[in-house]
Structure formats: structure tokens, C-alpha cells
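Structure, as C-alpha cells:
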Number of protein chains: 2
Amino acid sequence: MLTNSRLVHQSHDHERCINAALLCANDLCAEKNARMTTTRESVLRLLWQSYRPLGAYQLQDQLAEMLGKPIAPPTVYRAIEFLLQLGLIHRIHSLNAYIGCPFPNSEHSNLFMICTQCGSAAEVAHNTVNNVLQSTCDKLNFTLQSQSIELFGLCPRCSDNTEVSNHD
Amino acid sequence: MLTNSRLVHQSHDHERCINAALLCANDLCAEKNARMTTTRESVLRLLWQSYRPLGAYQLQDQLAEMLGKPIAPPTVYRAIEFLLQLGLIHRIHSLNAYIGCPFPNSEHSNLFMICTQCGSAAEVAHNTVNNVLQSTCDKLNFTLQSQSIELFGLCPRCSDNTEVSNHD
DNA sequence: TTATTATTGTTATATTATAACGTATTATGC
DNA sequence: GCATAATACGTTATAATATAACAATAATAA
Ligand SMILES: [Zn+2]
Ligand SMILES: [Zn+2]
Ligand SMILES: [Zn+2]
Ligand SMILES: [Zn+2]
């Protein structure tokens, strides 16, 4: 099982994670002859900075502030499109929002655990889950191509807080 | 495993399915003191008629034609909201579309198999899948509340056609 | 009937996403 | 370097999806 669950929910030096992600993204671009421009890197940084998925128009605001100039929607969507193509970010359909992928190098079919309290999203790639899904598809003669799995509930931190607040 | 996969992909007397679904919906409403109005029943019928999920504005068009009068978006969204609440329909997030639930009576956590070729969507409730997901959540201290699982690929029928067309 | 609640009609608008086209920047071949 | 092509960005307008707010109507209850 591959997951960033602990990193999402426990405090740590996240600047290091962000920098590592950006370096890794630059490598990937070099490898694929794609250009990591200022706009694209800024969007990727913003998505990594946030522990919760960001919508396109949240990104627009934050990007405008970061770059010190007005940014129009197409600019944001182009950056999103580019990063999605490279597998550097994922789209969370139920939220119309985007989030950085913690393991863009490994081919993986993933799922997200999204906290309904604090909005955090952790990514999980689990072979057991994927195998069960694959065999279910096989059974029904469905040729699986890709998946979008979004689980909603309470993250470890919010689960604990809820228990505590029940004592009020 | 509970699924309407075969009904979705094999020809059969679908009018019977629709009528059964509407009867069942009426029963559910009676039971919960909810009102099954003309608008709501029409939307449910339209969603059942279609083997593929319908968007709100597709529903608006078809509903206007069915009822012979102009229908505004809020009317459609209210009917959708009502039917979602009762568990008579589901939302497919990745498509911004809606589809009738084939087994609204049974408490179930479901997934959808969505054909990227013909657009059909089959619903599957599978304990093995749900158990694996639940235990994955347990492992990561995530308190699961609900899920949105959307699998994309080729339905049985389109899988066969693809094989055939490969011989061209 | 009258009061109360639930539903629908209507208008306006919010939110998310894309089309179209021109300009600027970056890479490539000479 | 310079011409050329390819790529990325700026700008404006608009499409597609969804909701807010309030008035009118219909169903239920008293
Ligand atoms: Zn990922
Ligand atoms: Zn949380
Ligand atoms: Zn269902
Ligand atoms: Zn198909």
C-alpha cells in the first residue's frame, strides 16, 4: 500500500515535501520534453501547499496573489490540464477540485479519502483494492480502463476530535 | 453481489422495469410521507428510460417535452434533490449526471461501471469490494461515511464490438 | 373555511469550464 | 544571429452546471 495519509494528518516539515515534489516535477518535464513554466510550477506549488483540494477559482485567486498580476480562468485551466496530463495532480470529481499527487512516478490506480470535517484528502494506492475491483470487472465482462474512487468520512485527526467533543 | 449489469446490456422488456421502479418509488413515498408529484415521477421515469446517465439540462429538455410546457432549471434540480434524498437515483460525479437506482430498497454501498464507448452505466453493490475498502479505511484510521466509486472502461457489449472491429 | 405546509414558477445570479483569436515567448534549422 | 515554427500565455466572450430569493399555487390539516 502506497499512501500519504500520515503526511497529510501529522505535522511535519511540509516545505521539504513541496520542494521535493517540484524537483521531481521538473525532472519529469525534462524527461518528457515538456516545459515547466512559472505559471505551471506556481499552480503545482499551490496544490501541494494545501492539505485540501483546491478549486480552479481558488487557484485563480491564489495564483494572482502569488504572481502579483491578474490571472484569467483559461490560464488556470491550462496549467491544470498540463499537470493532469503529466500525472502530477489529480482531479477530485465530487469536489470539482484538484490536488497534488504524492507519487507521480509510480504507475498507480488510486483512491482518495476525503474528510467531511476538515476537507483534507489523502491518496491511497492499494493493490488489494485494485485487484478486487479488477476481478469484479472481469466477472461482469467489463474492460476496466480507469477509476475514480472517492471515500468520504472523518480523517484520523477529526475522528479523534469527534470522540473528544462527544464528552462535552 | 447485486447488479443490474445484465439488464443494462442485454435487450429485454424495459417498460416492465420502468413500471416496477415507479411502483416501488410510490410505495417508498407513501411509507415516508413524501409526495410523488408529476414532475418528480416524470424525472424518475426519464432517468430509468435512459441506459446512460442524464445531465440536469438534458432532463430539462426531455421533461419540457414530456409535460408540454417550459421547465426552468430549479424545477429539475428540485426533483433531482428529492429523488436523491430518497435514494431513488444516484449522482455520477465524473459526468455531472444522474441515473435511476435499480435497488433503492436495500441499503447498499455501490459502484458504477461506466462505458467510455456507449455511455451506459451499470450499478454494482459488492460486499467483497466494500469490505476491502472498509478494512483499508480501518487501517488508516479513516472513519468511512460514504463513497463514490466510478469505474471507466468498456461494457460487455462494446468490449465484444471492439474485438470484432479489430479484424477489419 | 381558514391556516399551515409543501411544491412549483419565475427571475436573477453564482460557479465551473471552454472557445476563439491574437500576442509573446521559446525552441529549431539554417 | 536570424527566420521559422512550435508552444505558451493574454484577453474577451460565452457555454455548462447549479443555486438563491421570493412570489404564486396546490395540498393538507385544523
Ligand atoms: Zn497519484
Ligand atoms: Zn479531518
Ligand atoms: Zn443504488
Ligand atoms: Zn458500451
Side-chain angles (χ1 to χ4, degrees), chain A residues 25-26 28-44 46-47 52-64 66-86 88-99 119 148 150, chain B residues 25-26 28-44 46-47 52-64 66-86 88-99 119 148 150:
Chain A
N26 273 288
L28 191 67
C29 284
E31 190 183 311
K32 301 212 174 177
N33 281 321
R35 297 185 207 159
M36 179 54 81
T37 64
T38 308
T39 306
R40 292 166 175 174
E41 189 171 83
S42 301
V43 168
L44 184 55
L46 287 169
L47 289 179
R52 69 171 75 180
L54 296 178
Y57 286 78
Q58 288 176 283
L59 276 171
Q60 180 188 22
D61 290 345
Q62 298 187 20
L63 187 60
M66 182 178 251
L67 299 182
K69 64 176 179 182
I71 297 290
T75 300
V76 178
Y77 279 103
R78 285 171 187 147
I80 288 171
E81 178 62 20
F82 175 85
L83 297 168
L84 282 173
Q85 293 280 344
L86 283 181
L88 292 168
I89 65 173
H90 293 293
R91 168 150 213 240
I92 312 281
H93 288 103
S94 60
L95 304 176
N96 292 329
Y98 308 86
I99 193 164
S148 164
E150 301 171 7
Chain B
N26 273 289
L28 190 67
C29 283
E31 192 182 311
K32 300 212 176 179
N33 280 321
R35 294 184 208 159
M36 179 56 79
T37 64
T38 307
T39 306
R40 292 166 175 173
E41 189 171 83
S42 301
V43 168
L44 183 57
L46 287 169
L47 289 178
R52 67 172 73 181
L54 296 178
Y57 286 77
Q58 288 176 283
L59 276 171
Q60 180 189 21
D61 290 345
Q62 297 187 21
L63 187 60
M66 181 178 252
L67 299 181
K69 62 178 177 181
I71 297 290
T75 300
V76 177
Y77 280 103
R78 284 170 186 146
I80 288 171
E81 176 64 22
F82 175 85
L83 296 169
L84 282 174
Q85 293 279 342
L86 284 181
L88 291 168
I89 65 173
H90 293 293
R91 171 151 209 233
I92 313 281
H93 288 104
S94 60
L95 303 176
N96 292 330
Y98 308 87
I99 194 166
S148 164
E150 300 170 7

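In what follows, every chain begins at residue 1, and chains take the letters A, B, ... in the order their sequences are listed. Values in this document were obtained by computation on a predicted structure and should not be read as measured data.
Across residues 89-97 of chain B, not one residue has a non-hydrogen atom less than 4.0 Å from an atom of DNA chain C.
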Once base and sugar-phosphate atoms are separated, protein heavy atoms under 4.0 Å mark nucleotides 8-15 of chain C, 5' to 3', with B, S and - as BBBB----

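Residues B:Arg52 and B:Leu95 are not in side-chain contact: their nearest non-hydrogen atoms beyond the backbone lie 4.5 Å or more apart. At a threshold of 4.5 Å between non-hydrogen side-chain atoms, the residues A:Glu41 and A:Asn26 count as touching. Side-chain atoms of A:Leu44 and A:Met36, non-hydrogen and from C-beta on, do get closer than 4.5 Å to each other.
Here the CG-OH distance, from A:Leu88 to A:Tyr98, works out to 15.5 Å after rounding to the nearest 0.5 Å. Between A:Lys69 atom NZ and A:Thr75 atom OG1 the span is 8.0 Å, to the nearest 0.5 Å.
For the pair B:Gln62 (side chain) and B:Leu46 (backbone), a donor-acceptor distance under 3.5 Å is absent. When atom types are taken as modelled, the side chain of A:Arg40 and the backbone of A:Arg35 share a donor-acceptor pair closer than 3.5 angstrom.
Taking atom OH of residue A:Tyr77 and atom P of nucleotide D:dT11, one finds them 19 Å apart after rounding to whole Å. The separation between A:Glu41 atom CD and D:dC9 atom P is 12 Å, rounded to whole Å. Atom-to-atom, CG of A:Asp61 to C1' of C:dT16 comes out at 13 Å; the value is rounded to the nearest Å. Distance B:Arg35 CZ to D:dT25 C1': 12 Å, rounded to the nearest Å. Rounded to an integer number of Å, the gap from CD of A:Glu81 to P of D:dA8 is 12 Å. Whole-Å rounding puts the A:Gln60 CD to C:dA17 P distance at 12 Å.
Heavy atoms of B:Phe82 sit nowhere under 4.0 angstrom from any nucleic acid atom.
With respect to B:Ser148, the side chain to side chain donor-acceptor pair (under 3.5 Å) criterion is satisfied by exactly one of B:Arg91, B:His93, B:His90: B:His93.
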